[in-house]
Participant: 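Structure provided below as structure tokens; questions to follow.
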Amino acid sequence: MYPQYDVIVVGAGHAGCEAAHAAAQMGSKVLLMTMNMQTIAQMSCNPAMGGVAKGQIVREIDALGGMSGIITDKTMLQFRMLNRSKGPAMWSPRAQSDRMRFAEEWRLTLERNPNVDFWQETAIGLVMEGNKLVGVRTAMGIEFKAKAVVLTNGTFLNGIIHIGEKQYGGGRVAEKASTGITQQLEDLGFESGRMKTGTPARVDGRTLNYAIMERQDGDENPEKFSYSDETKSLEKQLPCYITYTNQAVHEVLATGFDKSPMFTGRIKGIGPRYCPSIEDKINRFAERERHQIFVEPEGWQTVEIYVNGFSSSLPEDVQYKALRKMVGFENVKMFRPGYAIEYDYFPPTQLKQSLETKLVENLYFAGQINGTTGYEEAACQGLMAGINAHLKITNQEPFVLNRAEAYIGVLIDDLINKGTEEPYRMFTSRAEYRILLRQDNADLRLTESGHKIGLASAERLENVQIKQKAVKELLHYFNHQSIAPEDVNENLRAKQMSEIPQKVKINRLLKRPDISIADLKDIHPEVFAHVSKYDKYVQEQAEILLKYESYIEKEQKLAEKQNNLENVKLRDTLDYRSIKALSLEARDKLSRIRPQTLGQATRISGISPSDISVLMIYLD
């Protein structure tokens, strides 16, 4: 009755949607299984995509041929490029999204793909024939057969929701938890753990006084996430607002501490370090008089507002009273309170670099099941799991990105080598080659690879090749075209900039920290007229490559050295316990994690340089 599938994806959050789309686009017949067809691509927490390092990930997903960037562009309310005052390695795109439109656009995108089928029901286990994975079993007892399975269960595995002293099973508010899979995986030999995350109250925007809050507009000239021509930049944007907690807010919140599931020990899971609840913040940072709160719209039409920074699991009456003590919230009405949720995850050291599990062939994990937090981190894992599931069942080599190629490579490498005991969030500081991994060059880094595996279109590749050619031409112009003192000194003096004593190439001028391409309009209009023939993205790319040339070269050399270690393969059958010159910790961790390359071994916590030297001698 039911067809045989190439890939079954369990869960239709950000990881599941990207996994299903990638595998289907590459030619696999995919079944996307979800408990509720109405919550496909639900933005369970904040209605936004991108941010520091996360924006780089969305651009990388887009460059490879994934959909998160395009969906975001089509449904955003506001765009901001964060950290513009810092160097380009720190620039990070972020968009405020229309929550309902985002989910709708993802669903319509998947429905337009003839290789994607849907099934609305709870998956309760894997179908095994001996040690071989052959499909997924549902709560109704239906067995769907497949060559590969991608689990993207989010916060649903044995999920428990906490609001004050109340607790009940659930994977998200008003949605039931998923049971059965954890137990089966543990029976198969997997190690599991518990994590916690939370979300703030949603409130009625009609009851807020925006006039007394700080207004936060989007960029004057907004960009977009996708490099494709399919989307356009916003012409109209919605503002966000900023308010603050105060001593009165903190005092009200403190009245609920005795009923807080966090402080009374009812929550056992470890929460996200970098996105703590409001009660955790005022408890840990008691000396702080206030905390910043972002007031974010949920859509073009809805009045619902997301209170970013006010995540809480305190009793709902305490949350309500505390909200009303904030500036602009004096008459607020609450749509629903914030809550905390505990759920099962599986330490990701149990995965290969392809995100395939080591214990069960053709089984892939992506998203919060691996201990990560955030839509972007989930989406990129789903993309890579979907790609690799398709490649595996078509007898092709896995697609793996290294740490010098993408933030996606950094994230997966961190997870499988170091594991995580708290929800993992990506930061620019996690990437040692971050000046190579900028948001502006993700297309140049990754589109060719995306096209080679059959995901990024030929049109996307052609666009990248045109951009590469244009950047090369512009750099050649800067490096070879001279300007004379009489052409620019008067204009430099007018801008209170140092004059040039003799003829110099344009690149010498642009390497100055106080001069940008835009300044050429006043300094040398003729040169600027030539440069302005190129679009702003080509100009930006050329300027970055010029100004940061020495830093880029230095990182490229470091990356090449590291890649030499990545080329040294470690046999999966290598008996580390028999290599007595290794430290005891190294023998234990290498035996457990089983790195695939020497480079991977260097990044396992507890593996010393002397252990690596021993391995190199042993391999010789």
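Quick caveat, the model's predicted, so the values are computed rather than measured. Throughout, numbering of the chain's residues begins at 1 and tracks the sequence.
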Participant: Any chance the side chains of N283 and E279 put a donor and an acceptor closer than 3.5 Å?
Facilitator: no
Participant: At their closest point, which heavy atom of G66 faces which heavy atom of L455, and how far apart are they?
Facilitator: N-CD2, 4.4 Å
Participant: Of H14, H21, E18, which is the lone residue that meets side chain to side chain donor-acceptor pair (under 3.5 Å) with S68?
Facilitator: E18
Participant: Could you tell me whether E298 and R202 make a salt bridge, using a distance below 4.0 angstrom between a side-chain N and a carboxylate O?
Facilitator: yes
Participant: Are Y5 and D117 linked by a side-chain donor-acceptor pair shorter than 3.5 Å?
Facilitator: yes
Participant: Salt bridge check, D413 against K418: does any charged N sit closer than 4.0 Å to a carboxylate O?
Facilitator: no
Participant: Salt bridge or not for K54 and E60, using N-O below 4.0 Å?
Facilitator: no
Participant: With heavy-atom distances below 4.5 Å as the criterion, would you say the side chains of Q353 and I416 are in contact?
Facilitator: yes
Participant: Check whether any side-chain N or O of T394 sits under 3.5 Å from a backbone N or O of L391 as a donor-acceptor pair, and report yes or no.
Facilitator: yes
Participant: Centre-to-centre under 6.0 Å for Y343 and F156, is that the case here?
Facilitator: no
Participant: Under a 3.5 Å distance rule, please check whether N417 uses its side chain to pair with a backbone N or O of I604 as donor and acceptor.
Facilitator: no
Participant: Whether the S192 and E186 side chains hold a donor-acceptor pair (N or O, under 3.5 Å, no angle test) is what I'd like checked.
Facilitator: yes
Participant: Look up atom CG in L323 and atom OG1 in T243, then write down how far apart they are to the nearest 0.5 Å.
Facilitator: 10.5 Å
Participant: So, Q167 side chain and I160 main chain: donor-acceptor pair closer than 3.5 Å or not?
Facilitator: no
Participant: Do E104 and R101 pass the salt bridge (Lys or Arg N to Asp or Glu O under 4.0 Å) test, and can you show the C-alpha distance, the side-chain angles, and the key distance before you say yes or no?
Facilitator: CA-CA 5 Å; E104 178 189 39; R101 283 283 300 112; 2.8 Å; yes
Participant: Below 4.5 Å, heavy atoms only, C-beta onward: do N113 and T109 meet side chain to side chain?
Facilitator: no
Participant: Counting only heavy atoms not in M100 (residues, nucleotides, ligands), do more than 12 fall under 6.0 Å from its CE?
Facilitator: no
Participant: Given side chains that start at C-beta, do those of T179 and N158 come closer than 4.5 Å, heavy atoms only?
Facilitator: yes
Participant: Report yes or no: does K29 contribute a side-chain atom to a donor-acceptor pair with the main-chain N or O of P114 at less than 3.5 Å?
Facilitator: yes
Participant: Give the ring-plane orientation class for H250 versus H291, where under 30° counts as parallel, over 60° as perpendicular and anything between as tilted.
Facilitator: tilted
Participant: Would you please test T372 and Q381 for side chain to side chain contact (heavy atoms under 4.5 Å, CB included) and show each step?
Facilitator: CA-CA 10 Å; T372 58; Q381 291 173 72; 3.0 Å; yes
Participant: Is it the case that the side chains of T231 and D73 hold a donor-acceptor pair, with the cut-off being a distance below 3.5 Å and no angle test?
Facilitator: yes
Participant: May I ask you to check whether over 12 heavy atoms, not counting those of R273, lie within 6.0 Å of atom CZ?
Facilitator: no
Participant: Mind checking whether L31 and Y2 have side chains closer than 4.5 Å, heavy atoms only?
Facilitator: no
Participant: For the residue pair F102 and S97, what are the closest heavy atoms and their distance?
Facilitator: CD1-OG, 4.3 Å
Participant: Between atom CE of M195 and atom CD1 of I270, what is the distance when rounded to the nearest 0.5 Å?
Facilitator: 6.5 Å
Participant: Between K333 and E304, is the salt bridge (Lys or Arg N to Asp or Glu O under 4.0 Å) condition met? List the steps.
Facilitator: CA-CA 10 Å; K333 289 181 181 176; E304 189 172 356; over 6 Å; no
Participant: Is it true that, when you exclude Q292 itself, more than 12 heavy atoms of the residues, nucleotides or ligands shown sit nearer than 6.0 Å to its CD?
Facilitator: yes
Participant: Mind running side chain to side chain contact (heavy atoms under 4.5 Å, CB included) on S44 and T199 for me, showing each step along the way?
Facilitator: CA-CA 8 Å; S44 308; T199 192; over 6 Å; no
Participant: Could you check whether F190 and F365 have their ring centres less than 6.0 Å apart?
Facilitator: yes
Participant: Tell me, do M326 and F310 make a side-chain contact under 4.5 Å, heavy atoms counted?
Facilitator: yes
Participant: Using a strict threshold of under 4.0 Å (side-chain N to carboxylate O), is an ion pair present between K132 and E361?
Facilitator: no
Participant: If we only count heavy atoms from C-beta on, is the P337 to S312 side-chain gap below 4.5 Å?
Facilitator: no
Participant: Between D6 and K147, does any NZ, NE, NH1 or NH2 come within less than 4.0 Å of an OD or OE carboxylate oxygen?
Facilitator: yes
Participant: Between R603 and D414, is there a side-chain N and carboxylate O pair less than 4.0 Å apart?
Facilitator: no
Participant: Less than 3.5 Å apart, any donor N or O on the side chain of D98 or T75 sitting next to an acceptor on the other?
Facilitator: no
Participant: Name the residue from T34, N36, T138 that meets the side chain to side chain donor-acceptor pair (under 3.5 Å) definition with E121.
Facilitator: T138
Participant: Might you point out which heavy atoms bring V410 and A431 nearest each other, and give the distance in Å?
Facilitator: CG2-CB, 4.1 Å
Participant: Set out, in order, the CA-CA distance, both residues' side-chain angles and the distance that settles side chain to side chain contact (heavy atoms under 4.5 Å, CB included) for L234 and M76, then state yes or no.
Facilitator: CA-CA 8 Å; L234 281 174; M76 68 175 143; 3.6 Å; yes
Participant: Would you say the side chain of Q56 lies within less than 4.5 Å of the side chain of L437, judging by non-hydrogen atoms?
Facilitator: no
Participant: What distance do I8 atom CD1 and L151 atom CG have between them, rounded to the nearest 0.5 Å?
Facilitator: 10.0 Å
Participant: Can a donor-acceptor pair be found, under 3.5 Å and without considering hydrogens, that links the side chain of Y345 to the backbone of E421?
Facilitator: no
Participant: As an exercise, state the distance from CG of N46 to OG of S311, rounded to the nearest 0.5 Å.
Facilitator: 10.5 Å
Participant: Answer yes if the ring centres of F399 and H390 are under 6.0 angstrom apart, and no otherwise.
Facilitator: no
Participant: Do we get R430 above Y424's six-membered ring, with its NZ or CZ under 6.0 Å from the centre and within 45° of the axis?
Facilitator: yes
Participant: Going by atom types only, do E296 and Q96 share a side-chain donor-acceptor pair under 3.5 Å?
Facilitator: yes
Participant: If you measure from the Lys or Arg side-chain nitrogens to the Asp or Glu carboxylate oxygens, is any gap between E356 and K392 under 4.0 Å?
Facilitator: yes
Participant: Which heavy atom of Y306 sits nearest a heavy atom of P200, and at what distance?
Facilitator: OH-CD, 3.3 Å
Participant: Could you report the tightest heavy-atom contact between R266 and E165, atom names first, then the distance?
Facilitator: NH2-CA, 3.4 Å
Participant: Could you walk me through whether F329 and V203 satisfy the side chain to side chain contact (heavy atoms under 4.5 Å, CB included) test, starting with their C-alpha distance in whole Å, then the side-chain angles of each, then the deciding distance to 0.1 Å, before giving a yes or no?
Facilitator: CA-CA 10 Å; F329 278 66; V203 302; 4.2 Å; yes
Participant: Roughly how far, to the nearest 0.5 Å, is OH of Y320 from CZ of R324?
Facilitator: 3.5 Å
Participant: Decide, yes or no, whether a salt bridge links K74 with E105 under the criterion of side-chain N to carboxylate O below 4.0 Å.
Facilitator: yes
Participant: Taking the side chain as C-beta and beyond, is there a heavy-atom pair between V116 and F118 under 4.5 Å?
Facilitator: yes
Participant: Determine the minimum heavy-atom distance between V136 and A123, stating which atoms define it.
Facilitator: CG1-CB, 3.7 Å
Participant: Taking Y364 for the side chain and N388 for the main chain, is one N or O donor matched with an acceptor at less than 3.5 Å?
Facilitator: yes
Participant: For N131, is the CG atom crowded, meaning more than 12 foreign heavy atoms sit under 6.0 Å from it?
Facilitator: no
Participant: Heavy-atom count around K259 NZ within 6.0 Å, excluding the residue itself: above 12?
Facilitator: no
